[in-house]
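If you read the sequence from its start, that first residue is 1, and numbering goes on from there. Any value given below was found using the heavy atoms of this structure, including those in side chains, with hydrogens, waters and symmetry copies removed.
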Amino acid sequence: MLNILFMGTPDFARDSLEAVYNAGHNIIGVVTNVDKPKGRGMKLMASPVKEFAISKNIPVYQPEKVRKNTEFIEEMANLKPDVICVVAYGKILPKEILEIPKLGCINVHGSLLPKYRGAAPIQWAVLNGDKKTGITTMYMDEGMDTGDIILKQEVDIDENETTGELWNKLSKIGGELLVKTLKVIENGTAPRIKQGEEFTHAPMLNKEMSKIDWENQDTETIKNLIRGLNPIMGAYSMLDGRKIKFWRAKSLTDNEIFEMCPELNNYKDRYYDLFPGTILFCDDKTGLFIKTIDGAIEVLEIQGENAKKMDIKDFLRGNKLYAASVFE
């Protein structure tokens, strides 16, 4: 049994904390971000990690900052942890904290390092249309996700899997791999594998990237944008001055569109001249299909302006869209 200091914030980290707790390790403290206001009433809400810690009577620490915070660093050193486990904490740790535990600081990272280094590895794997990703545990150093690798576990990414779905899957795997990692550390058999030089940067997402560019993005890129930004912010496009968000979609080739809508075969020349973003056909029985530069997307889940997310057929029963209208 190891004395563990755990640092993390979102639900992704909570699953790792719960796995370590259930494995029987002595969690001597939990460090998480300060409570943040949420919802219409802007009520202060505890992080998922804090909620779990409180439910198990684990001491919670919530410093505003960790760098140049002598009092906090001394407090953590006095806990004398064997290992510090860091999972989606949200702050870069200074050298003074990294040097506290005798067996090292361990990070659970949502990619197969060195594939994606940075704040959003899960999101970028989906946005880039990757077929595989995984979890890596590593010893932390002062770099951004540059430490020696301990263990990895690879997983497949389904063709239409969203960031939210992949996040939940990797969250569980991350907890399981962290427990295995702590076991090999405790046994003195943990490997230290140097990372390769080649890597992809995975920065935080920004709102500017969420607008669909019908004229320049191909079908797969648009589909991946939609699933990659679900549930974070949603990809969007404007139609008649209204902001429409897309949450789920399928990609279709031109031939698949002609098979689904045989009457289009009579207008092939006109079809190929359509602007990308043009609604090909839409009704509450068939659905919504939009032209792209190399095919079409079938919209499966959508959100009108100032409205809730809806299945496309439910949306079309209450909202009129018209064939030949063009999304901006």
Side-chain angles (χ1 to χ4, degrees), residues 111 115-116 118 120-133 156-167 200-240 242-265 267-282 286-303 309 312 315 321-328:
S111 82
K115 174 62 174 177
Y116 289 108
I122 299 173
Q123 295 90 325
W124 281 104
V126 179
L127 287 164
N128 289 336
D130 292 355
K131 304 302 182 187
K132 294 182 181 294
T133 188
D156 294 329
I157 304 176
D158 295 336
E159 181 182 358
N160 295 305
E161 193 166 17
T162 67
T163 284
E165 291 164 345
L166 181 59
W167 175 283
T200 303
H201 187 43
M204 291 288 290
L205 308 184
N206 60 73
K207 291 184 179 180
E208 287 71 27
M209 66 184 291
S210 63
K211 189 176 191 299
I212 297 172
D213 184 353
W214 300 101
E215 293 185 32
N216 296 294
Q217 293 174 324
D218 62 23
T219 309
E220 284 300 313
T221 300
I222 292 171
K223 184 191 79 170
N224 291 338
L225 181 69
I226 292 169
R227 67 193 189 100
L229 297 183
N230 179 351
I232 306 151
M233 63 183 84
Y236 80 93
S237 188
M238 303 298 294
L239 182 66
D240 300 327
R242 294 174 294 161
K243 186 175 186 178
I244 307 294
K245 285 190 175 184
F246 300 86
W247 293 103
R248 291 183 187 271
K250 287 175 61 178
S251 58
L252 300 168
T253 64
D254 290 327
N255 288 337
E256 287 171 329
I257 281 290
F258 292 137
E259 289 176 9
M260 296 181 69
C261 190
E263 59 268 28
L264 284 177
N265 285 280
Y267 306 99
K268 278 193 175 182
D269 291 341
R270 197 180 304 173
Y271 168 85
Y272 287 113
D273 288 337
L274 291 173
F275 286 111
T278 300
I279 296 176
L280 296 172
F281 49 97
C282 59
T286 309
L288 171 62
F289 297 80
I290 304 172
K291 183 77 176 71
T292 64
I293 59 176
D294 63 341
I297 63 164
E298 178 185 1
V299 180
L300 303 177
E301 189 175 14
I302 197 169
Q303 183 176 7
K309 295 179 188 178
I312 187 60
F315 176 85
L321 299 183
Y322 300 95
S325 296
V326 182
F327 281 93
E328 297 174 20

NZ or CZ of K291 within 45° of Y271 ring axis and under 6.0 Å: yes
Residues which pass ring pair (Phe, Tyr, Trp, His ring centres under 6.0 Å) with F246, listed by chain and number, not counting sequence neighbours: F327
Charged N-O contact under 4.0 Å between E159 and K223: yes
Non-neighbouring partners of Y236 that pass ring pair (Phe, Tyr, Trp, His ring centres under 6.0 Å), sequence neighbours left out: none
Partners passing side chain to side chain contact (heavy atoms under 4.5 Å, CB included) against D294 (at least two apart in sequence or in another chain): D218, T219, T292
Under the ring pair (Phe, Tyr, Trp, His ring centres under 6.0 Å) test, residues paired with W167 that sit two or more places apart: F12
Distance (rounded to the nearest 0.5 Å) between Q123 CD and I232 CD1: 4.5 Å
Residues which pass salt bridge (Lys or Arg N to Asp or Glu O under 4.0 Å) with E215, listed by chain and number, not counting sequence neighbours: none
Partner set under side chain to side chain contact (heavy atoms under 4.5 Å, CB included) for N206, not counting sequence neighbours: E208, M209
Expected list for residues 125-133: side-chain donor-acceptor pairs under 3.5 angstrom, two or more places apart:
residue, atom, partner, partner atom, Å
N128, ND2, Y116, OH, 3.0
N128, ND2, W124, O, 3.3
D130, OD2, Y116, OH, 2.7
K132, NZ, D156, OD1, 2.6

Contacts of E161 that satisfy salt bridge (Lys or Arg N to Asp or Glu O under 4.0 Å) - sequence neighbours left out: K169
CZ on R227 to OG1 on T163, rounded to 0.5 Å: 8.0 Å
Closest contact, heavy atoms only, P203 versus A120: O-CB, 3.4 Å
I226 and I297, any side-chain heavy atoms less than 4.5 Å apart: yes
Nearest atoms (heavy-atom pairs only) where C282 meets A323: SG-N, 4.1 Å
For the student: nearest non-hydrogen atoms of Q303 and W247, plus distance: OE1-NE1, 2.8 Å
Residues which pass ring pair (Phe, Tyr, Trp, His ring centres under 6.0 Å) with F289, listed by chain and number, not counting sequence neighbours: F281
Straight-line distance of L229 CG to N224 CG, nearest 0.5 Å: 10.5 Å
Spacing of T221 atom OG1 and I212 atom CD1 [to the nearest 0.5 Å]: 11.5 Å
Partner residues of N255 under the side chain to side chain contact (heavy atoms under 4.5 Å, CB included) criterion, sequence neighbours left out: T253, F258
Shortest non-hydrogen contact between E298 and M260, atoms and distance: OE1-CE, 4.5 Å
D269 atom CG, neighbour heavy-atom count above 12 within 6.0 Å: no
Shortest non-hydrogen contact between S210 and L225, atoms and distance: O-CD2, 4.2 Å
Listed once per pair and sorted, the salt bridge (charged side-chain N to carboxylate O under 4.0 Å, His left out) pairs that draw on residues 242-258, sequence neighbours left out: E165-R248, R248-E301
Flag side-chain contact, heavy atom, 4.5 Å: W214 against V326: no
Nearest-0.5 Å distance that lies between atom CG in L252 and atom CG in L280: 9.5 Å
Side-chain touch S325/L239, heavy atoms, less than 4.5 angstrom: yes
For D240, all residues meeting side chain to side chain donor-acceptor pair (under 3.5 Å), sequence neighbours excluded: none
